[in-house]
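Let me begin by presenting the structure, written as structure tokens, before commenting on it.
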Amino acid sequence: MEEAKKKSMPVLPWMRSPVDVSLFEDCPLDHLPCLDPRLKVALQNMGISSLFPVQVAVWQETIGPGLFERDLCINSPTGSGKTLSYALPIVQTLSNRAVRCLRALVVLPTRDLALQVNSARCIYCCKNIFGLIADHWIAEMCVQFDSLLFISLPQVKDVFAAIAPAVGLSVGLAVGQSSIADEISELIKRPKLEAGICYDPEDLLQELQSAVDILVATPGRLMDHINATRGFTLEHLCYLVVDETDRLLREAYQAWLPTVLQLTRSDNENRFSDASTFLPSAFGSLKTIRRCGVERGFKDKPNPRLVKMVLSATLTQDPNKLAQLDLHHPLFLTTGETRYKLPERLESYKLICESKLKPLYLVALLQSLGEEKCIVFTSSVESTHRLCTLLNHFGELRIKIKEYSGLQRQSVRSKTLKAFREGKIQVLVSSDAMTRGMDVEGVNNVVNYDKPAYIKTYIHRAGRTARAGQLGRCFTLLHKDEVKRFKKLLQKADNDSCPVHSIPSSLIESLRPVYKSALDKLKETVESEAHRKRTIGFKLSRMGKGRVTGRAKQ
Ligand SMILES: Nc1ncnc2c1ncn2[C@@H]1O[C@H](COP(=O)(O)OP(=O)(O)OP(=O)(O)O)[C@@H](O)[C@H]1O
């Protein structure tokens with residue numbers, strides 16, 4: 001045990017003496033020191049009457065005595081309220097800004113392929129995609145590189161949007177959900193031009209202003225704006241939030257982080273570094289190197305340093321990865337002594353069964369859960385599709401089940417998610433696309449149909465339930481040979497209690513006939529889908545050849 005503790009000891013000294021968030025308690029808004037009364041009303045309108053422990057701890061380090069003097073690294077369980085923990089202090093501090101400009105940037109990862117496909121570029125393989133191939137084919141080709149990750153960025157924007165207008169601040173979203181032109185018109189305020197007057201383009205550039213104080217962005221779209229949007233500047237940025245940090249640091253995403261850090265460094269710092277070593281070529285044309293000093297502050301409070309707040313439920317402790325963030329005198333806030341922590345009111349159960357009987361156990365479990373909202377996780381988009389098709393062939397199940405995966409178009413997924421939120425669908429079958437950040441109210445149960453390979457995966461899947469202090473259950477289907485390994489996996493999150501959830505064998509037996517017919521129907525569906533794909537593929541390849549021949553003729 002001691003050995004294990006030693007092993008999990010962080011390498012970085014500042015991580016070894018963290019602020020323990022579990023020592024904080026909920027704090028009623030009335031008792032929260034310095035809270036702007038306008039924000040108090042906005043929070044109450046959101047149905048919030050007190051702050052959660054992580055929010056109180058961060059408040060203390062930002063608005064309280066900590067006064068944003070140190071960069072914050074926050075490791076706090078899923079559903080513990082991390083979003084508001086950074087949104088509230090940022091909005092309160094910016095509430096007395098005099099001039100509107102972009103002061104806070106929140107960056108979140110998204111691997112939502114459908115969005116990327118819209119912009120005709122695949123983030124997985126970084127190749128251009130020509131108009132010939134159907135969206136789901138591209139998804140299929142690229143999904144093998146990584147499981148998809150869907151973060152509901154609008155959710156984060158919604159939290160800001162619920163409080164920022166109360167103090168006159170405006171929030172924008174740059175995630176590629178709308179066209180770049182629409183996004184630009186939301187983010188940049190253009191001067192009104194009078195007909196018949198000839199304007200100097202240089203003067204017009206000077207007149208472009210940010211229409212937002214706070215921006216929630218994905219790395220890809222952020223880079224698009226940095227590289228190409230006239231008037232978009234990080235010159236005045238005071239706060240950089242990196243949410244889901246471990247995910248964001250795992251991939252370069254067009255070098256967004258070094259670019260942002262470079263653009264937000266003051267002249268003095270810039271002089272000593274060689275930007276050309278890592279910045280994209282387009283960087284050379286930018287004029288957004290910030291000037292030092294009071295510009296970054298507001299009113300009479302100069303704040304010459306860019307404050308960084310980085311967060312995750314599974315924050316990396318890897319010094320090399322954290323070094324990329326260039327943190328200033330960082331303060332580590334974490335919950336309890338173990339590296340990983342599950343939500344307090346999460347109950348974990350295991351269902352032990354033979355691999356070939358897994359669908360039957362799942363059906364029996366779903367039947368017992370009745371109308372309760374549930375998310376079933378599989379290990380791949382293909383098995384998500386197959387499992388969902390199979391479940392829908394079970395006539396016995398009187399619950400609405402839908403697939404939610406990266407193989408679907410964005411519009412289909414949005415519709416499914418809306419229906420799930422509204423309770424029109426009870427069960428979502430999903431790959432790991434939904435494991436991070438998704439916040440759907442009333443999800444009481446999560447089922448790991450396929451065992452998660454890593455504790456981080458377990459944490460993010462299970463974290464779709466037991467949010468905001470609510471009760472939730474996570475069931476994992478296991479073969480008996482997997483039990484020991486699974487126990488070890490849970491111990492990494494300090495969880496020693498995972499009782500068996502038993503299903504009567506008579507119930508399983510009674511489901512066998514209907515299972516057999518469901519399997520036959522699944523086979524038919526799979527065959528007809530494969531046939532359809534082959535036909536489309538054949539047509540597309542003919543079209544492709546036609547194009548090549550056509551071009552050759554010209
Ligand atoms: N002070 C509060 N009082 C009541 N509800 C709250 C409070 N703070 C946050 N919530 C709610 O708790 C839920 C979880 O919050 P949030 O999404 O910020 O968690 P999180 O820690 O970021 O989770 P994840 O790591 O899964 O992204 C949300 O539905 C949010 O509205």
Side-chain angles (χ1 to χ4, degrees), residues 21-22 24-32 35 39-40 42-59 72-91 106-110 149-163 216 241-248 309-316 333-335 340-346 373 375 377 417 420-421 430 432-444 446 455-472 474 493:
V21 173
S22 62
F24 288 76
E25 288 180 352
D26 285 12
C27 176
L29 296 183
D30 287 333
H31 297 172
L32 193 70
L35 178 64
L39 290 176
K40 185 176 154 192
L43 289 169
Q44 284 165 339
N45 290 340
M46 289 169 78
I48 290 177
S49 55
S50 57
L51 291 196
F52 288 161
V54 69
Q55 296 160 352
V56 180
V58 175
W59 187 260
L72 301 181
C73 264
I74 301 155
N75 185 53
S76 176
T78 51
S80 58
K82 290 188 287 296
T83 315
L84 192 64
S85 80
Y86 59 78
L88 189 60
I90 288 176
V91 169
V106 181
V107 185
L108 287 140
T110 183
L149 176 73
F150 183 94
I151 296 290
S152 187
L153 288 115
Q155 252 167 233
V156 173
K157 192 213 166 189
D158 288 348
V159 172
F160 275 103
I163 55 175
V216 178
V241 178
V242 186
D243 206 342
E244 302 290 350
T245 312
D246 48 327
R247 196 71 184 74
L248 270 175
M309 296 167 90
V310 303
L311 308 95
S312 178
T314 50
L315 193 77
T316 179
L333 288 88
T334 189
T335 307
Y340 301 116
K341 190 110 185 129
L342 290 162
E344 208 136 285
R345 299 190 69 201
L346 176 82
K373 267 188 206 162
I375 303 176
F377 284 108
L417 194 60
F420 187 53
R421 280 188 199 282
S430 174
D432 285 328
M434 272 183 69
T435 49
R436 287 196 190 217
M438 184 64 67
D439 185 54
V440 176
E441 212 188 324
V443 175
N444 307 91
V446 164
I455 185 61
K456 285 190 179 189
T457 315
Y458 186 85
I459 287 173
H460 289 288
R461 285 183 181 181
R464 298 316 101 209
T465 184
R467 297 177 71 77
Q470 300 294 305
L471 203 78
C474 181

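Just follow the structure's listing: the first ligand is 1, and inside any ligand the first atom is 1.
- Remark: minimum distance from atom 23 (O) of ligand 1 to any protein heavy atom is reached at Gly79 N, 2.8 Å.
- At least one N/O-N/O distance between Thr83 and ligand 1 falls below 3.5 Å.
- Ion pairing between a basic and an acidic side chain is recognised when a charged N comes within 4.0 Å of a carboxylate O; Arg461 and Asp432 show such pairing.
- At least one side-chain heavy atom of Met309 sits under 4.5 Å from a side-chain heavy atom of Ile90.
- The protein non-hydrogen atom at the shortest distance from atom 12 (O) of ligand 1 is Ala468 CB, 3.2 Å.
- With contacts defined as side-chain heavy-atom distances shorter than 4.5 Å, the pair Ile74/Val54 qualifies.
- Checking side-chain atoms of Arg345 against main-chain N and O of Gly469 turns up a donor-acceptor pair under 3.5 Å.
- Heavy-atom distances between Pro77 and ligand 1 reach below 4.0 Å in at least one pair.
- When His460, Lys82, Arg467, Gln55 are ranked by how near their heavy atoms come to atom 17 (O) of ligand 1, first place goes to Arg467.
- Annotation: Gln44, atom CD; neighbour count of heavy atoms from other residues, nucleotides and ligands within 6.0 Å is above 12.
- Protein heavy atom at the shortest distance from atom 10 (N) of ligand 1 is Phe52 CE1, 3.7 Å.
- One finds no salt bridge joining Arg464 and Asp439 here, because no Lys/Arg side-chain nitrogen approaches an Asp/Glu carboxylate oxygen to under 4.0 Å.
- Per-residue contacts place Asp439 under 4.0 angstrom from the following atoms of ligand 1 (heavy atoms of the residue considered): 13 (C), 14 (C), 28 (C), 29 (O).
- The Ile48 neighbourhood of ligand 1 comprises atoms 1 (N), 2 (C), 3 (N), 4 (C), 7 (C), with distances under 4.0 Å to a heavy atom of that residue.
- For ligand 1, the polar-atom distance check against Gly463 finds no nitrogen or oxygen pair separated by under 3.5 Å.
- Between Gly81 and ligand 1, an N or O atom pair is found at a separation short of 3.5 Å.
- Residue contact check for ligand 1: Ser50 places a non-hydrogen atom closer than 4.0 Å to it.
- Against a heavy-atom cut-off of under 4.0 Å, Leu51 is close to the following atoms of ligand 1: 1 (N).
- In terms of the side chain to side chain donor-acceptor pair (under 3.5 Å) criterion, Ser50 has no residue partners (sequence neighbours excluded).
- Leu471 approaches Thr465 most closely through the heavy-atom pair O-OG1, 4.2 Å.
- At least one heavy atom of Ser80 sits under 4.0 Å from some atom of ligand 1.
- Of all protein heavy atoms, the one closest to atom 27 (O) of ligand 1 is Gly437 CA, 3.5 Å.
- A side-chain donor-acceptor contact under 3.5 Å links Gln55 to the backbone of Phe52.
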When you look at Leu84 and Phe160, which way does the side-chain contact (heavy atoms from CB on, under 4.5 Å) test go after all the steps? CA-CA 8 Å; Leu84 192 64; Phe160 275 103; over 6 Å; no
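- Distances shorter than 4.0 angstrom occur between a heavy atom of Arg464 and an atom of ligand 1.
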